[in-house]
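Note sheet for the following structure.
Because only heavy atoms are used, hydrogens play no part in the values below, and waters and symmetry mates are left out as well, while side chains stay in. Proteins get letters first, then strands, A, B, ... in listed order; numbering begins at 1 in each. Keep in mind that this is a model prediction, so the values were computed, not measured.
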Protein chains: 2
Amino acid sequence: MEANITLARVAREAGVSASTVSRILTGSANVSPEKREHVQRVLAKLNYRPNVLARGLASGRTMSVGVLTQDISSPFYGDMVRGIEQGLGGSGYQTVFMSGHWHAKAEMEAIESLLARRVDALAVLGGSVPDEQLRTVAQSVPLSLLGRTVAGLEGQCLRLDQLEGARAITHHLIEMGHRRIAHITGDMSHPDAQDRLAGYRAALDEAQLAFDPELVQQGDFLEASGYLAATRLFEGRSVFSAVFAANDQMAYGARLALHRRGLRVPDDVSLVGYDDLPGSTYTSPPLTTVRQPTFQMGQAAAQWILHQLAGQPYLLPPLTVQLVIRESTARRRST
Amino acid sequence: MEANITLARVAREAGVSASTVSRILTGSANVSPEKREHVQRVLAKLNYRPNVLARGLASGRTMSVGVLTQDISSPFYGDMVRGIEQGLGGSGYQTVFMSGHWHAKAEMEAIESLLARRVDALAVLGGSVPDEQLRTVAQSVPLSLLGRTVAGLEGQCLRLDQLEGARAITHHLIEMGHRRIAHITGDMSHPDAQDRLAGYRAALDEAQLAFDPELVQQGDFLEASGYLAATRLFEGRSVFSAVFAANDQMAYGARLALHRRGLRVPDDVSLVGYDDLPGSTYTSPPLTTVRQPTFQMGQAAAQWILHQLAGQPYLLPPLTVQLVIRESTARRRST
DNA sequence: TTGTATGCGTTATCAT
DNA sequence: ATGATAACGCATACAA
């Protein structure tokens, strides 16, 4: 346990006042070139490391932005996080993560903890904290919301039109000749699941295809539920030639259920997902899905935060979902 | 921007001294029940939130442990991170993450940044920071290493025997009747890649099977390299009935290459990976692989850290890799 | 049991 | 341009 080098120690060693050292460190005022150079040499020699706590306490700013992610290893949010990190890169602000595990209480505690650390700004990815609480948080710190919409904070929310993405991919299946399209929903308490189901229905309506409740099975966004839902689909008496899973993870599960029954994708059944997870490029076959520009969303959030911190206006860029057609969809075979 | 409630403010409001409030907060000394209750009421009314910076500065402890992860969304390390979080749960210590992106310089900066935040302990997951620097870091703070071994710090390193896992899974293939087994290596500058190749060779030796360099293709642990390596394997003139990829991600890539050539797994070619990523349960077919008890490793690291912080001894539990046999391997077909 | 005084390491406000 | 000094918000040793 080596003692930490303090600024005062450096000052003594260099024969100057602490203020001078501080000025050099922060670049807040002019210091004579000779002194500056000499002090910097001492700084390096002693391997001085500023104490972020003391600095934050004295200056009122910690030069850090807190990021609440749900699952530290969620592939979907991971890309957003990278976007945030990249967008913040070089700004001097650092990222501090905490995870909420999709549990409102844990999320709120994580946010409290981040605020207790006096982060200068906050980014919240998804989650289930009540809107009301987020509005309160937004009053005390710049708050960027990703993947969710909070009434009253629309200008700082980054969430794409999920209905449109679902409509587009369902439409794609219809164009391929599919008439009986099954849908595996996400956790219906989640707006994304609701919107994607709505998009599915919208596409059906447009094509004047009847909506058949038997073709819709509930899932919860996880692989296992996709597997189970697909299995239920087979056990029912409905026929279908395509499956739209409300996210890629459930599509993976459904893919396995198909595989187990000896059905080929896309020859026998077309399969699509939503999110375009990194892994979807390498499934067999690669998955047709809807891509959300998650990285760009993260970057945009970072930009919004930086501008907010600098007191400058910033308009979030208009981002849109994009159809990624790979090999899991094919024209319906004429029986 | 609401002003933050300070402890002094609470003290004034409650008609007691700041020390009393502090004592109640930290539980460091006895306070009369009436006063305690009254102050707690004020605390709640004002929605007091302690300033972590001031607290850390004054007490010398921040009640936080820093975690350096390589990629915030790596599925492999994600499980370890969850283990750490779970192991630290309820201890009062919080987790602060930073990511290093497998880039030595960025990793060292992240570590510096964590230390500047005065974390009470550190956990480093994998990474490419030179051992020498880690030994230095270990002198100033309890440091737990996961997924790597640093000479001199063996007692605080959690890394399983990779050679043994590779040997076991190769042996499994041999037992299934495979004689010509291809191997896709990881990034050979990484010890894991070296050890897994060594394990592959060890199993071959045991079975008195000749080692054929043509059956070994280099990869870099990412999906794309697995795809490419498998493709190269086909383009060569060697025949083989099984492929051992040095990790699951590359196995996914190889799986796709197989799929593209119309080869069935495991009917035509058996395929195995390493790591047992969450997704490997749901590939088609589910992947036979080597499971590392990553969650338990995380928990063990947390325990080690907590004991270290409490000045108590703690021996890391003996963890071992485990063969997970699923459906991507089958007995070699008699041609 | 409670209050007072001091210090934590830094920045910021004064002087000079 | 530089130094002394006062915050920053809290914990803690010391008094009472």
Side-chain angles (χ1 to χ4, degrees), chain A residues 1-40 42-43 46-64 92 113 115-120 140, chain B residues 1-40 42-43 46-64 92 113 115-120 140:
Chain A
M1 297 282 182
E2 306 219 353
N4 281 310
I5 311 290
T6 69
L7 188 149
R9 166 81 191 290
V10 173
R12 218 179 316 125
E13 196 97 2
V16 300
S17 76
S19 324
T20 301
V21 179
S22 175
R23 279 193 269 264
I24 292 175
L25 252 24
T26 61
S28 58
N30 283 341
V31 177
S32 76
E34 317 101 54
K35 273 209 163 72
R36 150 170 285 118
E37 199 163 331
H38 176 220
V39 171
Q40 263 160 351
V42 176
L43 244 20
L46 262 42
N47 188 26
Y48 169 78
R49 231 187 267 135
N51 183 324
V52 174
L53 305 181
R55 187 174 269 192
L57 189 56
S59 71
R61 299 178 320 157
T62 56
M63 298 306 286
S64 66
S113 165
L115 292 178
R117 289 206 148 63
R118 295 300 187 266
V119 292
D120 298 325
S140 61
Chain B
M1 299 281 181
E2 307 220 353
N4 281 310
I5 312 292
T6 69
L7 189 150
R9 166 80 192 288
V10 173
R12 219 178 315 127
E13 196 96 5
V16 298
S17 77
S19 347
T20 301
V21 180
S22 175
R23 285 187 193 103
I24 292 174
L25 252 26
T26 61
S28 59
N30 283 341
V31 177
S32 76
E34 316 102 55
K35 272 210 162 70
R36 150 168 287 119
E37 199 162 331
H38 177 220
V39 171
Q40 263 160 351
V42 176
L43 244 20
L46 261 43
N47 189 26
Y48 169 78
R49 230 187 272 136
N51 183 325
V52 174
L53 305 182
R55 185 173 272 193
L57 190 56
S59 70
R61 297 178 320 155
T62 56
M63 297 306 286
S64 66
S113 165
L115 292 178
R117 289 206 146 64
R118 295 302 187 268
V119 292
D120 298 324
S140 61

Could you tell me how far apart A:R117 (CZ) and D:dC10 (C1') are, to the nearest whole angstrom?
15 Å
Of the candidates C:dC8, C:dT10, C:dT2, the side chain of A:R55 sits closest to C:dT10
Suppose we call a contact any N or O donor and acceptor under 3.5 Å apart; does that hold for the side chain of A:S22 and the base of C:dA12?
no
Do the non-hydrogen side-chain atoms of B:L43 and B:V39 ever get within less than 4.5 Å of each other?
yes
Respond yes when some side-chain nitrogen or oxygen of A:N51 is under 4.0 Å from OP1 or OP2 of C:dT10, and no when none is.
no
Please determine, for the side chain of A:T20, which listed nucleotide (D:dT2, C:dT11, C:dT2) has the closest atom?
D:dT2
Helical bend (five base pairs per end, nearest 10°) for the helix from C:dT1-D:dA16 to C:dT16-D:dA1:
40°
Rounding to an integer number of Å, can you tell me how far A:I24 CD1 sits from C:dT10 P?
14 Å
Ranking B:V16 and A:L25 by the position along DNA chain C of their nearest nucleotide, the one closer to 5' is B:V16
Provide, to the nearest angstrom, the distance between the CE atom belonging to B:M63 and the C1' atom belonging to D:dA11.
14 Å
Base, sugar-phosphate, or nothing: which does B:S19 touch, judged by heavy atoms less than 4.0 Å apart?
base
Looking at A:V31, A:V10, A:V16, which one forms a side-chain contact (heavy atoms from CB on, under 4.5 Å) with A:I24?
A:V31
Could you check if a side-chain atom of A:L25 sits within less than 4.5 angstrom of a side-chain atom of A:R55, using non-hydrogen atoms only?
yes
Regarding the side chain of B:R23, the nearest nucleotide among D:dG9, D:dA13, D:dC10 is D:dA13
Where is the tightest heavy-atom contact between A:A14 and A:V42, given as atom of each residue plus distance?
CB-CG2, 3.8 Å
Find the distance A:E34:CD to D:dA1:P and express it as a whole number of Å.
11 Å
Kindly indicate whether the side chain of B:V21, heavy atoms from C-beta on, has any atom under 4.5 Å from the side chain of B:Y48.
no
Report the distance from atom CZ of A:R118 to atom C1' of D:dC8, rounded to the nearest whole Å.
11 Å
Non-hydrogen side-chain atoms of B:R118 and A:N51 separated by less than 4.5 Å:
yes
Nearest to the side chain of A:S17, which nucleotide is it out of D:dA4, D:dA11, C:dT2?
D:dA4
Pairwise side chain to side chain donor-acceptor pair (under 3.5 Å) hits with a residue in residues 23-32 of chain B, at least two apart
B:T26-B:S28
Looking at every strand, decide which applies to B:S32 at a 4.0 Å heavy-atom threshold: base, sugar-phosphate, or nothing.
sugar-phosphate
What contact category does B:T26 fall into here, base, sugar-phosphate, or nothing, at under 4.0 angstrom with non-hydrogen atoms?
sugar-phosphate
Any side-chain donor-acceptor pair under 3.5 Å between A:S22 and A:S19?
no
Roughly, in whole Å, what's the span from CZ in A:R36 to P in D:dT2?
9 Å
Integer-rounded Å distance: C:dC8 C1' and A:R9 CZ:
17 Å
Could you state the CG-P distance from A:L53 to D:dC10, rounded to the nearest angstrom?
13 Å
Could you say whether B:L57 or B:R61 is positioned toward the 5' end of DNA chain D, judged by the nucleotide with the nearest heavy atom to each?
B:L57
Report the residue (A:P33 or A:A54) whose heavy-atom-nearest nucleotide on DNA chain D is the more 5′ of the two.
A:P33
Closest approach to the side chain of A:S59, judged atom by atom: which nucleotide of C:dT4, D:dG3, C:dA12 is it?
C:dA12
Between A:K35 and D:dT2, does any side-chain N or O lie under 4.0 Å from OP1 or OP2?
yes
